[in-house]
Amino acid sequence: MKFKPVNSRLDIENMELEVLKFWKDNQVFKKSMESREDGRTYVFYEGPPTANGLPGSHHVLSRAFKDIFPRYRVMRGDYVLRRGGWDTHGLPVEIEVEKQLGLTGKEQIESYGISQFNAQCRQSAFEYIQEWEKLTDRIGFWVDLETAYVTFENDYIESIWWILKQLSEKELIYKGFKVVPYCTRCGTALSDHELSLGYQDNTSDPSIFVKFPLKDLSNTSLLIWTTTPWTLPGNVGVAVNPEVDYVTVELEDATSLIVAKALCTTLFTDDTKYSVTGEMKGTELVGMEYEPPYSFIPFEGKAHYVISADFVTTSEGTGVVHMAAAFGADDMMVATKYDLPILMTVDEKGCFVKEVVPWSSMWVKDADPLIIDDLVEKNLMFKHEKYLHTYPFCWRCNTPLLYMARSTWYISTTTFKSRLVELNKTINWYPHHIRDGRFGNWLDNNVDWALGRDRYWGTPLPIWMDEDGDWLIVGSVQELSELTDSNCSELDLHRPYVDEIVFPNPKTGKQMSRVPEVIDVWFDSGAMPIAQWHYPFENSEIFDQQFPANYICEAVDQTRGWFYSLHAISTMLFNSVAFKNVACLGLILDENGQKMSKSKGNIVDPWDVIDKHGADAFRWYLYTASPAGQERRFSTDLVGEVVRNFTLTLWNTYAFFVTYANLDSWSPNSDFDVEDKGSDIDLWIISELNNLVKDVTDALENYDATGATRPIERFVDLLSNWYVRLSRRRFWKTEDDSDKKAAYATLYQCLLTISKLLAPSMPFIADELYRNLILDDDESKNSVHLSDWPDYDAHLIDQNLNEEMRLIQKLVSLGHNARQSAQLKVRQPLSEVVFWAGGKTKDNLIERYAGLISTELNVKKVRWLDSADEAIVYTLHPLPKQLGQKYGSLFPGIREAIKTLDPVDASSKLLGGENVRVIVGSDDIDILPDEIEVRVQSRKGFATAEEGGLVAGLVTDLTEDLIMEGLAREFVRKVQDLRKSNGFDISDRISITYKASGVLNDAIGRHSGYIMGEALALSLDLVEDVEGNEEKIGDHHLIVSLQKS
RNA sequence: GCUCCGGUAGCUCAAGGGGUUAGAGCAUGUGCCUUAUAAGCGCAAGGUUGUGGGUUCGAUGCCCACUCGGAGUACCA
């Protein structure tokens, strides 16, 4: 039985598409799950993407990393259910639909109709689902999209209701009136983790210094600083730090200002004439009353006086802080403490209310300049300028957020803060620093989860409330049916349908209706371990089996997103982690190190990469380029390098093997034992192979994709450019002996094992190789992805052998170097090469590898440099590691002393294993042989090359015999070129006719046997009238012609 | 402001629990092998390891400060 012939030119796209077709036709993915059903369960969660935008290169990154470890686990025999999922709710979807429909705000949505709007959202959430499916499929990410969970389905929503009910039974849900970041365009508050998505640096805001005249001190004002002029109409007090020193400063116009002493010099520049007329502690100011700049809104109780607050600093501003209770978290806290009024001067659209007469209905940020003008006019402005700072914007619509007091629903995650932290300690994060760093810090600063959103397309908050504010959470559809005394099983659990459901309060009989909010979309994704199974209403066995996850993976931006929502929900609900291992990927940057983003237009379209270089190469680049957690620069060309350096090298090795194995009708035979019958080089590559299996396995066990791929690159290079290159003759020689069998068996084992090691990372080419190499009639059954992961045999790993071969490679490389410097091409045979390798020089290494070295370097004889009979220049190199550690500060002296020794005398002692003695100051010190390295530098009569204490020297004298042999090799080369350009098959026999001049003619005659053997020629004839182009070898003329025999 | 990650050859990246001469690939120059591969194989050139201090016999690695890039974070009023 023969292998399918392999073309040495690889058509990557075609190959990958055929493998894809094979997977599909034979349901290989499905089989990879089913065939392992009895195995250990390994749980993977798909972090659901939203399909309302096109997938980009960064999605290929996360999907590649999501794929590699589950594929590996399957080959280890684990059952890995890989269910896909789609995130469908939330602001991102709503905003896209608003754009499509040309709606600009909530009023327009409501007049358009919530039910129609939500129907559009439902559709939009899947707008690009085909693009996602296509890309997922094409890059070989195995995830089951047919059974994917969808967050908008009733079952999914019902599970979330159940979760919220559980949380409310633990009294974790409450309604709070807090200052929250609020998007005036979207008309809703954002949660902390959404807030962190939208900070923008260098935001310019006004910076104003405003005078608040004191009631009881004429001509004296408190000077306050703010960057939000629009909050001034809401002012209810000012805060000072009781411990800070304040001063009264009299200006030229005889008015006085009170500011923190520490800030005087920054506030009053040199040309401003001023004098300090008084000094006091902050405490002395407390209680003083002032005239507020505005008093549009009437209120009851006391306000507009100085209060004391520790958080006031003197790093910026004036040290006197204006408080608007409704527009700052501190302000709200202080107001509550001192019972100050809360003046709601702004409505839910971010516009001033009608009481704020001059700017009524104006968006507050637009009113800023008008307020500034007004303050100037009233002579209350000390100065105003621009201020650059980092400010939060809505992560979806880019509107600057306002901090505003809103009534919203919260989950008291802070109740579980210490447990969140504890459980996080048990999670393996890759990279490790995220655990205590980015994620750990986040948990340390945990605040309650603001759950409600005043929006439309989301999981409705299942809270029903009556006019007294008494509320309850409905935890299932059945419960809703019971409460309403009707069948709700057909009800769409979205707005506006659930909004219509009312029922009497079971306790009082008062009518309860649903609160208007939907919930934070991040809660949807974090609920996915539970809701994807409609737990606990069904599938409780599957849920138990599939919780928690062994492995999840997303980019770092999910730290506060999905990673947090998963962790928070499962901690609160089950007192458990939701995932045990998590790979946290760095961002993809463009060629210039900038974050890829649509707005910058620097996105690399994944299809450009796939179409040009294929999915395998794309994936391989992502695994090998840099550690997963690091951000990475990316461009299409970088993936091209993978193809050139790795894919094609592997493919050529594979094509070589198949070509010759078929010529020899070789097929794998399990009786043949390479260990017994293999040569040194076979044992070496087998040793490297087993070492490779060990390294790759260890790396995959530790979620180290880089470690699981880079070593394969190195191995394939060794296999192709060392093992195959040096073993070629063994494959094409005519005798079918055990040496040839060993070569085939060895190369076969290497290629088959590589196909398995590559299966998780390069699933296409791995299967292409495997399916051909396995030689099975019923190939539909066989896929590398259904095969078992290879074991390594520790006994076959011979580190000593590996190091020897590494040394031999270095020596050969030095030999090439020496040839280069003497300008002697490899085709010209030389009589001898000698080597020096320091302490190794005495081993019988050279003898054992003489054949290999002489072939590579085309020399007749190989030996070590002999210190006894040749004039060698020795140098002594003290080894700092040994000597430095042993002698510490004496080391520099010792080093100098060693350099003054006679190198010949000292070297012969050291090489003979004797100590040498040096004198440093008054100390005699014996230096051991392994504390000095003896090096050889060069010698006359040799062409030499030296590196790192290794030396290669070539004897460059040419005899007539050597010259003749060189010419014969040149002739063979010409013939081989002609064979190739004539399109002869590698096994074709030929006859050669030629005409040559002078010594070349003699050389051809003398080496005719060698030439015929090399060129597979049956005849080699000197003919007067040869047809063909005249060529030159050196100074000699040549005409040569070939015929197929 | 604070925290984290990074700064190594023109480019993309390694390594280093302090120690001889800091490694690959790409690009450049140059040469060459070939009955697998010119999408190949060598060789050369290319580095004061961001800057400045400190610890040390010895720092690219450890410590401090600074700087640049990126990310995160904050009650910046």
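In what follows, every chain begins at residue 1, and chains take the letters A, B, ... in the order their sequences are listed. It should be emphasised that the depicted structure is a prediction, and the values quoted were computed from it without experimental measurement.
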Between [options], which nucleotide gets closest to the side-chain atoms of [X]?
{"X": "A:Lys825", "options": "B:rU34, B:rA36, B:rC32", "value": "B:rC32"}
{"X": "A:His877", "options": "B:rG42, B:rC13, B:rU20", "value": "B:rU20"}
{"X": "A:Arg969", "options": "B:rG42, B:rC33, B:rA36", "value": "B:rC33"}
{"X": "A:Tyr621", "options": "B:rA77, B:rU12, B:rC32", "value": "B:rU12"}
{"X": "A:Ser813", "options": "B:rA71, B:rC43, B:rC57", "value": "B:rC43"}

G-U wobble or Watson-Crick pairing nucleotide for [N] (cut-off 3.5 Å, both distances):
{"N": "B:rA36", "result": "none"}
{"N": "B:rG42", "result": "B:rU30"}
{"N": "B:rC11", "result": "B:rG25"}

#### Entry: Check: A:Arg725 side chain, B:rA36 base, donor-acceptor under 3.5 Å
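Checked by distance alone, the answer is no.
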#### Entry: Residue among A:Arg969, A:Arg979, A:Arg729 satisfying salt bridge (charged side-chain N to carboxylate O under 4.0 Å, His left out) with A:Glu1014
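With A:Glu1014 as partner, A:Arg969, A:Arg979, A:Arg729 yield a single salt bridge (charged side-chain N to carboxylate O under 4.0 Å, His left out), made by A:Arg729.
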### Task
Using the P atom on both, measure B:rC33 against B:rG42 and round to a whole Å.
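One P to the other, the span is 14 Å.
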### Query
Taking the C1' atom of each, how far is B:rU21 from B:rA9, in whole Å?
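Between the two C1' atoms, the distance is 16 Å.
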### Message
If you compare every side-chain N and O of A:Arg827 against the phosphate oxygens of B:rC33 (OP1, OP2), does one of them come in below 4.0 Å?
### Response
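Yes.
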### Query
Are any side-chain N or O atoms of A:Asp205 and backbone N or O atoms of A:Thr227, one a donor and one an acceptor, separated by less than 3.5 Å?
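Not at all, since once roles are kept as given, no pair shorter than 3.5 Å links the two residues.
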### Task
For A:Arg438 and A:Thr559, indicate whether the former's side chain and the latter's backbone hold a donor-acceptor pair under 3.5 Å.
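Here the side-chain-to-backbone pair does not exist.
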